[in-house]
Amino acid sequence: MRTCWLLVAAGCATERWYELGADPKGRPYFTMKLVEGKSLSKIIKGLRAGDHAAREAWPLSRRLYIFGQLLNGMACAHARGVIHRDLKP
């Protein structure tokens with residue numbers, strides 16, 4: 001729980017968590033709310049397929065900005081010794 005507060009206080013995370021605990025091997029974990037919307041996986045598939053609407057909704061500048069925000073959050077967490085083991089589109 002201390003780690004979660006550390007990440008929020010440092011600005012690495014802004015969302016609240018639903019559950020804090022430890023797995024059977026004693027490794028800590030936390031879960032956060034599911035954000036509604038189109039998944040990154042579906043956006044990438046649309047872009048790869050040449051979907052015109054996807055390209056208009058997700059221009060390169062927007063995609064790079066979002067990717068940069070993701071990297072900033074991960075760097076913030078890593079600098080505090082927290083490693084995210086489940087990143088996926």
Side-chain angles (χ1 to χ4, degrees):
M1 186 160 157
R2 180 176 173 267
T3 300
C4 292
W5 283 113
L6 175 70
L7 294 177
V8 170
C12 300
T14 57
E15 293 293 330
R16 296 288 183 227
W17 45 89
Y18 287 134
E19 182 180 0
L20 299 166
D23 71 10
K25 292 185 177 182
R27 296 174 295 203
Y29 70 87
F30 65 94
T31 61
M32 300 173 88
K33 78 174 184 176
L34 175 65
V35 177
E36 296 295 328
K38 191 176 276 192
S39 71
L40 180 57
S41 180
K42 287 186 180 184
I43 292 168
I44 292 170
K45 285 178 185 176
L47 292 168
R48 285 184 177 163
D51 182 334
H52 181 71
R55 292 211 180 270
E56 282 194 5
W58 299 95
L60 181 59
S61 59
R62 184 177 184 198
R63 288 179 270 154
L64 290 174
Y65 175 78
I66 292 169
F67 187 61
Q69 294 297 303
L70 171 72
L71 293 176
N72 287 339
M74 292 297 98
C76 183
H78 288 178
R80 286 150 183 84
V82 177
I83 299 171
H84 195 301
R85 296 179 185 258
D86 191 28
L87 288 179
K88 59 184 171 269

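Sequential numbering from 1 along the given sequence is applied to the chain's residues.
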| message | Run the side-chain contact (heavy atoms from CB on, under 4.5 Å) test against Y65 and tell me which residues pass, sequence neighbours left out. | response | Q69
| task | Identify, with sequence neighbours excluded, every residue that meets side-chain hydrogen bond (donor to acceptor under 3.5 Å, both in side chains) alongside R62. | result | none
| request: Only pairs at least two apart or in different chains count here, so list each side chain to side chain donor-acceptor pair (under 3.5 Å) that has a residue in residues 48-57. | output: H52-E56
| task | Mind listing the closest non-hydrogen atom pair of A54 and G46 along with its distance? | result | CB-C, 4.1 Å
| request: Linking directly or through intermediates, with side-chain heavy atoms under 4.5 Å: list the remaining ILVMFWY members grouped with L60, chain and number order. | output: L64
| field | I66 reachable from M74 in the ILVMFWY side-chain graph, under 4.5 Å edges | value | no
| field | Residue list, side-chain contact (heavy atoms from CB on, under 4.5 Å) with E36, at least two apart or on another chain | value | L34
| query | Among all residues two or more places apart in sequence or in another chain, which pass the side-chain contact (heavy atoms from CB on, under 4.5 Å) test with K45? | reply | S41
| query | Any side-chain heavy-atom pair from L47 and R63 closer than 4.5 angstrom? | reply | yes
